[in-house]
2 protein chains.
Amino acid sequence: MMELTRKGEYAIRGIVYLAAQPVDRVCLLSEIAAAVDVPPTFLAKIFQQFSKIGLVRSYRGTGGGFLLGRVPEKITLLEVVEAVEGPIIPNRCVVGTGECARDVSCTVHPVWKRVQEQVRDVLEGVTLKDLAGG
Amino acid sequence: MMELTRKGEYAIRGIVYLAAQPVDRVCLLSEIAAAVDVPPTFLAKIFQQFSKIGLVRSYRGTGGGFLLGRVPEKITLLEVVEAVEGPIIPNRCVVGTGECARDVSCTVHPVWKRVQEQVRDVLEGVTLKDLAGG
DNA sequence: CCTAACAAGACATTTTTTATCCTTTTAGGG
DNA sequence: CCCTAAAAGGATAAAAAATGTCTTGTTAGG
């Protein structure tokens, strides 16, 4: 359980590759896809999601391509992962019959809350700079 | 992401219900399923998995049913979750083209390793006694 | 031997993941 | 103005996983 999907994996590979490029070097999607071995059409979808929230900037037409939206040291792994996988939510409720909604009687809830915090903390502590290896 | 499946949710509900019963009270699957609002046939599969690894003991025939395999304070949430969801593995590898296999060049690997440890630590620190509320 | 109860395996359905394709939009260059 | 390059967006398809059911087998008690 707790497994990153392939999409998340691809997302990280792709954006780490971008982060490893010289500043202001525009990369074609096709180049990135080939370099990190991801189906180009799939990576396109992923980068569209990145683009919408500003993790990357994109340019169309001749000479177009992708750039990192911010410097690598200001992009955390948490942002990247949540961009494509959605928020980290291990704690859909678990005890008794109903919705829980943080019911006082729900003893498991705080546990999942802690799991969530721990995971977020780890991922937030890692930046693309760390991953791209300056 | 990182979401417990419904199976895991059901598993926890079911075994926590068992843990909340008086010692040596045998519970019918049908009783448990009704109490925690889980499809009986599905819960049956889950308890079969528990049974195989000794988390619960089962008795067949008239007067049969389920009992906790050990005292609640000796069963951790980690065991319960891993019994039905498999091991906690967030770190299928992620960088570059290939298998990684803990390649030295794989910078993300240690991050997922840390995530795994954190999650395991949290879940291991909670027992069925804690959840069943003495 | 009849009934109660769990065990095990096969099967069906639904949802999610993992793609691919086609059309549209934007931009640059001749 | 037209042609080509490149990303954006939407629809669709295939594969895998999750979710649930059914049938048959096994074990035990009365």
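Computed from heavy atoms alone, side chains included, the values below leave out hydrogens, waters and symmetry copies. What you are looking at is a predicted structure, and each value in this text was computed from that prediction instead of being measured. First the proteins, then the strands, lettered A, B, ... as listed; each starts at 1.
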Starting at the 5' end of DNA chain D and moving along, which residue's nearest nucleotide shows up first, Lys7(B) or Ser51(A)? Ser51(A)
Within this structure, what is the OH-to-C1' distance between Tyr10(B) and dT19(D), rounded to whole angstrom? 8 Å
Only counting residues at least two apart or in another chain, list the ones meeting side-chain contact (heavy atoms from CB on, under 4.5 Å) with Ala83(A). Phe50(A), Ile53(A), Leu55(A)
Would you call Leu4(B) and Ile12(B) a side-chain contact if the rule is heavy atoms closer than 4.5 Å? yes
Does Glu117(A) form a salt bridge (Lys or Arg N to Asp or Glu O under 4.0 Å) with Lys113(A)? I'd like the steps, not just the answer. CA-CA 6 Å; Glu117(A) 282 160 12; Lys113(A) 200 76 193 156; 5.6 Å; no
Just to verify, which of Val84(B), Leu78(B), Leu77(B) counts as forming a side-chain contact (heavy atoms from CB on, under 4.5 Å) with Val81(B)? Leu77(B)
Take the protein atom NZ of Lys45(A) and the nucleotide atom P of dA11(D), then report the distance between them rounded to whole Å. 10 Å
For dT18(C) and Thr5(A) - does any side-chain N or O of the residue sit under 4.0 Å from the phosphate oxygens OP1/OP2? yes
How far does CZ of Arg57(A) sit from CZ of Arg70(A), to the nearest 0.5 angstrom? 11.0 Å
Calculate the interatomic distance between Leu18(B) atom CG and dC6(C) atom P; express it in whole Å. 11 Å
Among the nucleotides dG9(D), dT21(D), dT18(C), which one has an atom lying closest to any side-chain atom of Thr41(B)? dT21(D)
Using a 4.0 Å cut-off on heavy atoms, which residues in residues 59-71 of chain B reach DNA chain C? List them by number, or say none. Tyr59(B), Arg60(B), Gly61(B), Thr62(B), Gly65(B), Phe66(B)
Can a donor-acceptor pair be found between the side chains of Gln49(B) and Lys52(B) at a distance below 3.5 Å? no
If you assign Pro39(A) and Leu29(B) each to the DNA chain C nucleotide with the nearest heavy atom, which residue ends up on the more 5' nucleotide? Leu29(B)
Distance check needed: dT19(D) P versus Asp37(B) CG, whole Å only. 15 Å
Once you round it to whole Å, what is the distance between P of dG20(D) and CD of Gln48(B)? 16 Å
Mind calculating the distance between CD (Glu3(A)) and P (dT17(C)) to the nearest angstrom? 12 Å
Can you tell me the distance, in whole Å, between the CG atom of Leu28(B) and the C1' atom of dT3(C)? 14 Å
When rounded to the nearest 0.5 angstrom, what is the spacing between CG in Leu43(A) and CD1 in Ile32(A)? 6.5 Å
Sugar-phosphate, base or nothing in reach of Ser58(B), heavy atoms under 4.0 Å: sugar-phosphate
Between dG9(C) atom P and Gln49(B) atom CD, what is the distance in whole Å? 12 Å
